Student: 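Following this message is one structure expressed as structure tokens.
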Amino acid sequence: MTNRCRIAPSPTGPLHIGTARTALYNYLFARRTGGTFILRLEDTDAARSSLEHERDILEGLHWLGLTWDEGPEVAGLPARGPFGPYRQMQRLPLYREAADRLLSQDRAYPCYCTPDELAADRHAQEQAHQPPHYVGRCATLSMDQRRQREAEGRKPAVRFRVGEGIVAFDDLIRGHVEIDTTALGGDLVIVRSDGTPLYHFTVVVDDAEMRITHVIRGEDHLSNTPKHILLFRALGADIPTFAHLPLILNADRTKMSKRKSQTAIEDYRNEGFVKEAIVNYLALLGWSPGTEEEIFGLDELAQRFDLERVHSAGAVFDRGRLEWLNGQWMRRLPDEELIERSMPFLFRSLDERAAAGGAIRTPTEADLHALLPMIRERLPLLSSIGDLIDFLFVDDVRVDAALLVPKRWDARTTTDAVADARRVIAEAGAVSFEADELEVALRQLAEERGWKAGDLFMAIRVAVTGRTATPPLFDTLVALGQERTLERLDRAAETLRSGVA
RNA sequence: GCCCCCAUCGUCUAGAGGCCUAGGACGCCACCCUUUCAAGGUGGAGAUCAGGGGUUCGAAUCCCCUUGGGGGCACCA
């Protein structure tokens, strides 16, 4: 039998880091074992679910490369797989039928308790220092009593009889786990009074229906697993193998939340993280290959992944490590790929400059191609590209007079240096305006004047770019072109003059 | 409160009884390279393996207890 596993996101928010990690592990498990990876949308929380989030989640998973073998219709493409529909709100009749079956076997019963009654129960339990649980008011209602309540116009919810005993299972990551059903909080509601099913019920009905063999999910579901097992049994279904993944944690070691951490994959993407780095990072957050390598692409992960090597302890999300991996991956990207991915970020920063009132020129792919060797090693994020080279495309580079004077120099020396540099650069051949040539000439100038070359270069750097940290100077000058370099040196000279006066 | 899970450098982790005076990576510090910033290289600081009991000739590794942390306990998913 081939393995079948699934990711079952709920479209109640944008794609979450934790969901992405769970999806990845499911995907890797399926790929590694030649199994089937299924996507199912758990959208029964009508109040919080939205189509926008659904799109974000699907798009995000797709972006990461986590393609599913079976799943709902997407972007005009039809649903795939023999167990559809893969959207729970379209599977309502299935849950209804399953609930009816449990009802008819008296494994579930109608519950007429009102929200107020339940709240009062909970309150009383709290006062008595008891764990919250359903008191069973409706568990033993006679047919007459039920009819009477129906006559009052009360709409019943459906409750599943939990029963007594110990539920045990062997978790692939945690080992043997036993939980007494008395700790489950009493009979649980599986269908709301409005007829819509609840999570614990739909997840089991669907996992059974879709022949899921391996349930790989977050540890936050571990305590709920006995409920699921009980439901599988009641429905006469095979019980899947469970694997509960360690949680991803905030810095304070609580379950990662958007309150305390950046949790939306979308946000990382917009910041300029590359999908390879995210996948690589997430894979290593809770799983280890057992070797000392740590740069892995999706396909390589799919060859090596093994649930047995997944940790059991929670893992703090470490953005610094992600950033390091991002650098690693960006440096490995082929030229074309890096250009294509960073262009939108460059345009974005240039647009911002333009919006601030500066004239800009539009970079071309050829520009980027020429610039690539000098920026590749300097890019922590795709979005950093603007800081690195935007001055090449912005016409009115504003230079801070204070910044213009190198640390060891005074204004007078700087003024001289800018003037001399202008002369030397102007003398360089316009036809062969080359980095090597410029370097020789400028080093010679520094020597003649008794300046440290580094100081001279810094003065020129700031004069021409407005920044103290830039790609290598001579390449930068060449990229800028002789004419614009001279213009900027002239402007810097003016700034110095007015700044000194 | 009750139940369940977890516990190796700040962080991610290696470690399945002797190979561990605990290895790697991120971060940090120093040095090298160097026109700045990066990248890269070398080296360093950093964990009495939460604590205490056992088991064993021998324990980070097995067992128990304690402590600490986390998660779950909805007509949320």
Side-chain angles (χ1 to χ4, degrees), chain A residues 8-13 42-45 47-49 111 113-115 118 122 125-126 128-134 155-159 171 173-175 177-180 182-186 188-194 196-200 202-203 218-227 244 246-247 249 251-255 281 284-294 311-325 327 331 375-380 387-388 406 439 442-443 446 452-458 460-462 465 467-474:
Chain A
S10 173
T12 52
E42 310 221 322
D43 54 356
T44 53
D45 183 351
R48 294 194 299 149
S49 294
C111 172
C113 294
T114 63
L118 296 172
R122 208 163 302 134
Q125 287 156 6
E126 208 171 299
H129 296 292
Q130 285 179 325
H133 62 277
Y134 178 59
K155 288 269 177 277
V158 178
R159 265 186 206 275
D171 190 281
I173 295 165
R174 323 258 143 205
V177 178
E178 289 186 357
I179 297 178
D180 195 311
T182 55
L184 262 33
L188 63 137
V189 175
I190 56 175
V191 180
R192 294 183 182 90
S193 49
D194 69 1
T196 55
L198 272 93
Y199 169 76
H200 291 308
T202 58
V203 73
E219 195 201 333
D220 44 353
H221 287 291
L222 190 62
S223 305
N224 290 325
T225 303
K227 294 176 187 171
H244 286 93
L247 260 22
L249 275 21
D252 63 3
R253 305 203 75 90
T254 53
K255 178 163 85 161
Y281 178 72
L284 259 22
L285 197 62
W287 172 82
S288 141
T291 65
E292 285 181 351
E293 306 150 85
E294 35 202 346
H311 277 252
S312 38
V316 173
F317 186 87
D318 180 2
R319 185 196 164 93
R321 215 170 133 76
L322 208 210
E323 282 179 9
W324 170 73
L325 270 170
R331 264 164 250 136
I375 60 177
R376 177 161 228 133
E377 312 291 289
R378 276 163 254 266
L379 236 36
D387 287 343
L388 237 37
E439 179 166 1
L442 288 167
R443 277 190 191 280
K452 288 197 73 172
D455 291 332
L456 204 218
F457 297 164
M458 183 53 83
I460 300 172
R461 169 178 294 112
V462 175
T465 68
R467 301 175 191 276
T468 53
T470 70
L473 181 62
F474 310 108

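Throughout, a chain's letter reflects where its sequence line sits, starting with A, and its residues are numbered from 1. What you see is a predicted model, and the numbers here were worked out from it, not measured in a lab.
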Student: Quick one: look up who G43(B) pairs with, Watson-Crick or G-U, both distances under 3.5 Å, and put none if it's unpaired.
Tutor: C29(B)
Student: Would you mind classifying the nucleic acid contact of T470(A) as base, sugar-phosphate or nothing, using non-hydrogen atoms under 4.0 angstrom?
Tutor: base
Student: Determine which nucleotide pairs with G18(B), using a 3.5 Å limit on both distances of a Watson-Crick or G-U wobble pair.
Tutor: C57(B)
Student: In the structure shown, which nucleotide is the Watson-Crick or G-U wobble counterpart of G51(B), with both distances under 3.5 Å?
Tutor: C65(B)
Student: Partners of T196(A) by side chain to side chain donor-acceptor pair (under 3.5 Å), sequence neighbours excluded?
Tutor: R192(A), D194(A)
Student: With sequence neighbours excluded, what pairs up with T468(A) under the side chain to side chain donor-acceptor pair (under 3.5 Å) test?
Tutor: none
Student: Students often get this wrong, so: under 4.0 angstrom with heavy atoms, is R331(A) touching a base, only sugar-phosphate, or nothing?
Tutor: sugar-phosphate
Student: With a non-hydrogen cut-off below 4.0 angstrom, is A469(A) in contact with a base, only sugar-phosphate, or nothing?
Tutor: base
Student: Taking only the P atom of each, what is the distance from C20(B) to G15(B) in whole angstrom?
Tutor: 14 Å
Student: For U21(B) versus C26(B), give the span between their C1' atoms, rounded off to a whole number of Å.
Tutor: 25 Å
Student: State which residues pass salt bridge (charged side-chain N to carboxylate O under 4.0 Å, His left out) with D455(A); sequence neighbours excluded, sorted by chain then number.
Tutor: R408(A)
Student: How far does the P atom of A7(B) sit from the matching atom of C62(B), given to the nearest Å?
Tutor: 10 Å
Student: Pick base, sugar-phosphate or nothing for P9(A), based on heavy-atom distances below 4.0 Å to the nucleic acid.
Tutor: nothing
Student: How do E292(A) and K255(A) order along RNA chain B: which one's closest nucleotide is nearer the 5' end?
Tutor: E292(A)
Student: Output all residues satisfying side chain to side chain donor-acceptor pair (under 3.5 Å) with R443(A), sequence neighbours left out; order by chain, then residue number.
Tutor: E439(A)
Student: Which part of the nucleic acid does P246(A) contact within heavy-atom distance under 4.0 Å: base, sugar-phosphate only, or nothing?
Tutor: nothing
Student: Please classify the nucleic acid contact of R159(A) as base, sugar-phosphate, or nothing, using heavy-atom distances under 4.0 Å.
Tutor: sugar-phosphate
Student: Between A14(B) and A47(B), how far apart are the two C1' atoms, rounded to whole Å?
Tutor: 14 Å
Student: Using a cut-off of 4.0 Å on non-hydrogen atoms, how would the nucleic acid contact of E178(A) be classed: base, sugar-phosphate, or nothing?
Tutor: sugar-phosphate
Student: Pairing check on C73(B): which nucleotide meets the Watson-Crick or G-U wobble criteria with it, both distances under 3.5 Å?
Tutor: G1(B)
Student: Quick one: label L473(A) by what it contacts on the DNA or RNA (base, sugar-phosphate, nothing), any heavy atom closer than 4.0 Å.
Tutor: base
Student: Judged by each residue's nearest nucleotide on RNA chain B, which is more toward the 5′ side, V177(A) or M458(A)?
Tutor: V177(A)
Student: For A453(A), which contact category applies under a 4.0 Å heavy-atom criterion: base, sugar-phosphate, or nothing?
Tutor: nothing
Student: Are any side-chain N or O atoms of Y281(A) and backbone N or O atoms of D318(A), one a donor and one an acceptor, separated by less than 3.5 Å?
Tutor: yes
Student: Shoot me the first and last contacting nucleotide of RNA chain B against chain A, ordered 5' to 3', at under 4.0 angstrom to non-hydrogen atoms.
Tutor: G1(B) to A77(B)
Student: Using the test side chain to side chain contact (heavy atoms under 4.5 Å, CB included), find all partners of E126(A) that sit at least two apart in sequence or belong to another chain.
Tutor: none
Student: If we take the C1' atom in both G44(B) and C4(B), what is their distance in whole Å?
Tutor: 43 Å
Student: At under 4.0 Å between heavy atoms, what does G286(A) touch on the DNA or RNA strands: base, sugar-phosphate, or nothing?
Tutor: sugar-phosphate
Student: Using the C1' atom in both, what is the distance from U8(B) to G23(B), to the nearest Å?
Tutor: 11 Å
Student: Would you give the length of the straight line joining atom OG1 of T182(A) to atom NE2 of H133(A), rounded to the nearest 0.5 angstrom?
Tutor: 10.5 Å
Student: Heavy atoms only, 4.0 Å cut-off, all strands: where does F474(A) land among base, sugar-phosphate and nothing?
Tutor: base
Student: When all nucleic acid strands are considered with a 4.0 Å heavy-atom cut-off, which category describes S223(A): base, sugar-phosphate, or nothing?
Tutor: base
Student: May I ask you to say what T44(A) touches in the nucleic acid, namely base, sugar-phosphate or nothing, with a heavy-atom cut-off under 4.0 Å?
Tutor: sugar-phosphate
Student: Quote, to the nearest angstrom, the C1' distance that separates U61(B) from G18(B).
Tutor: 11 Å
Student: Could you work out the separation of A50(B) and A60(B) based on their C1' atoms and round it to a whole Å?
Tutor: 12 Å
Student: Just to be sure I understand the rule, does S312(A) reach a base, reach only the sugar-phosphate, or reach nothing, if contact means heavy atoms closer than 4.0 Å?
Tutor: sugar-phosphate
Student: For the pair R159(A) (side chain) and G186(A) (backbone), establish whether a donor and an acceptor sit closer than 3.5 Å, ignoring hydrogens and angles.
Tutor: no
Student: I'd like to know if the side chain of S312(A) and the backbone of R174(A) have a donor-acceptor N/O pair within less than 3.5 Å.
Tutor: no
